[in-house]
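To start, the structure under review is shown below, and the notes come after it.
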Amino acid sequence: MLRSALVQPDALPDVQPALFQQVLDEVRQRRDEFDAGSHVPRDMIERFKQVGIYRAATPRCFGGDALAPAKFLQMIERISEADGSAGWVASFGSAGVYLAALPQETLTELYADSPDLVFAGGLFPLQPAETVEGGWQVTGTWKFASGCKGADLLGVGIGAAGGKPRTAVFNPSQVEIIENWDVVGLKGTGSHDLRVTDQFIDERWTFIRGGAATIDEPLFRYPSIAYAAQVLAVVNLGLARAALDEISAMASGSGITGAPKLADRAYVRIEIAKAEARLSAARGFFYGATEQVWNSILAGNPVTAEQTSLLRLTAIHVSQAGAAVVQSAYSLAGTTAIYLRHPLQRYLRDAMVVTQHAFLSEGLYDGAGSVFLGVPPFPGYI
C-alpha cells in the first residue's frame, strides 16, 4: 500500500518510532475495550503522555513541546488509523492552545508539576453564572465532554464575550460526570455530560475560548478555533486510511457467494484508485494549507482572515472526504461488512460521527465561500 512520507513513524516529532508503534499496537488491541467501557481508560491516557500527546501544545516556557501543528496532526492521524475514538481523545492534546488564553500566573500554577496535562470540556449549552466578588458562582449541565473520565482539568462554558464562550476550568473533583454516552459511533470517546452544582470559580481560572493567548510563542499565534477543528477532522484521514487498508487485505479472498476475488473485479480496482486519489488530494490540501500558515507565522506575519478561513475549509473538507472514502470501502466489501464485529463497521460509524461535529458540518462551507467572495461570513466563523 502506497503511503505518504508525512505519516511514516520517522517523520513524527521527538518520538522513538518503536515506542510510538507500541502505543499504536496497544490501541488497536484494546479498541473493543474502549467501546465497551465508553471511554479511553486512564492507563491508556498515560501511554499517550509517554509519547508526548499531552505536552504537544504546552508552552515551551513551561516545559512543553509546543509542536508545529502539522506534526501533532500527523500523530493524531496515525492513532486514528488504529482507533477513531482513541484519536479523538488524543486530539485534545491540542487544548493547550485554548488554555494559553489563561492569565500567565494561572498557567504557571497549572504547569508547576508537569507539562503533561489532559484537559476536557463540555462547553455547550452555555450556562449563565452568577457574578460574585472575584469570579463566578457556577451551576449547570453541559454536553459532549469527550475524554472527561481521563482528564486532569475540566472546562465548562459559562457565558459569551463578543460571541466567544467564557470557559471556567475546574478540578475534576468539583464536577460530576453523568455517564450517558450511548451512541452509534466514536463510542470510546466517553463524551458524557458534565454537571457543576453551586461551585465558585475564581476569575483567573477562566478564559475566552478563541481569545488572545498570554504566551508569545509561534504555536499560540496559530488560529485556535481553526486548529480545534483540524485536530478533530484529521481523525477521518486516519479512519479512511484504515478502511482502504482493510479492503486491500480482503482483496485476495473469495467472496461468500463464490464470486471472483475483489482484486479480480474491474469495478473494485477502479473505485479503489478513485478513493486513493481522493484521500491523497484531501491530505495534500490539508497539510499544505497547515504548513503554509505555519511558515507565515514563523516569518513573523500576522494571521489573516483568509488564512483562518482556509484552515477551517481544510478541516471541513478532509472530514467529508475521509467519510466518503470509508463509505466507498464499506460498499466494496459487500455483505461481509454488515457484521457488527467487522472493522469496516467501526470505521463507517466512527467516520459518520466525525462529520456531525459542529466544527465540521457542511454548513461551514458557507463561511469559506463568503470569505472567498469578499462578503462577511456568519458570526463566529473567523
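Under a 3.5 Å cut-off, the side chain of W181 and the backbone N or O of L186 do form a donor-acceptor pair. Listed for the Q307 side chain is a donor-acceptor partner under 3.5 Å among the backbone atoms of T304. For the pair R312 (side chain) and L360 (backbone), a donor-acceptor distance under 3.5 Å is absent. Between the side chain of S370 and the backbone N or O of D366, at least one donor-acceptor pair lies under 3.5 Å. The closest donor-acceptor contact from the side chain of W142 to the backbone of G121 lies at 3.5 Å or more, if one exists at all. Side-chain atoms of T314 come within 3.5 Å of backbone atoms of L311 as a donor-acceptor pair (strictly under, hydrogens ignored). A distance-only check finds no donor-acceptor pair linking the side chain of S296 to the backbone of Q292 [under 3.5 Å]. Formation of a donor-acceptor pair under 3.5 Å by the T108 side chain with backbone atoms of Q104 is found in this model. Within the 3.5 Å criterion, the main-chain N or O of N180 finds a donor-acceptor partner in the side chain of H192. Without hydrogens or angle criteria, T355 side chain to S361 main chain gives no donor-acceptor distance under 3.5 Å.
At a threshold of 4.5 Å between non-hydrogen side-chain atoms, the residues I225 and Y98 count as touching. The closest side-chain heavy-atom distance from S309 to F372 is not below 4.5 Å. V234 places a side-chain heavy atom less than 4.5 Å from the side chain of F286. Considering only heavy atoms from C-beta on, L194 stays 4.5 Å or farther from I178 through its side chain. Contact check for T214 versus P103: no side-chain heavy atoms found under the 4.5 Å cut-off. The shortest side-chain heavy-atom distance between L123 and T167 falls under the 4.5 Å cut-off. Two residues are said to be in side-chain contact when any heavy atoms from C-beta on lie closer than 4.5 Å; F285 and L313 meet this criterion.
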CA sep, side-chain torsions, deciding dist, call: I53, I79, side chain to side chain contact (heavy atoms under 4.5 Å, CB included): CA-CA 11 Å; I53 292 297; I79 295 170; 3.9 Å; yes
Side chain to side chain contact (heavy atoms under 4.5 Å, CB included) assessment of S80 paired with L237: CA-CA 8 Å; S80 300; L237 289 184; over 6 Å; no
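Among the candidates R346, R349, K187, the single residue satisfying the salt bridge (Lys or Arg N to Asp or Glu O under 4.0 Å) test with D35 is R346.
For the ring-ring contact (aromatic ring centres under 6.0 Å, His included) test, no residue two or more places apart in sequence or in another chain qualifies with F170. Qualifying side-chain contact (heavy atoms from CB on, under 4.5 Å) partners for S91, counting only residues two or more places apart in sequence or in other chains: I76, V231, L232.
A cation-pi arrangement is not found for R55 relative to F62, the charged atom failing to lie both closer than 6.0 Å to the ring centre and inside a 45° cone about the ring normal.
If you check the side chains of S38 and E179, you find no donor sitting under 3.5 Å from an acceptor. Between the side chains of R166 and T206, at least one donor N or O sits under 3.5 Å from an acceptor N or O. Neither side chain, Q320 nor Y365, offers a donor N or O lying under 3.5 Å from an acceptor on the other.
Screening residues 325-342 for salt bridge (Lys or Arg N to Asp or Glu O under 4.0 Å), with sequence neighbours left out, gives D32-R341.
When every heavy atom of P377 is checked against every heavy atom of G367, the shortest pair comes out as CB-O, 3.9 Å.
The pair R241-E276 meets the salt-bridge criterion, since a charged nitrogen lies less than 4.0 angstrom from a carboxylate oxygen. A salt bridge links R30 with D43; the closest basic N to acidic carboxylate O contact falls under 4.0 Å.
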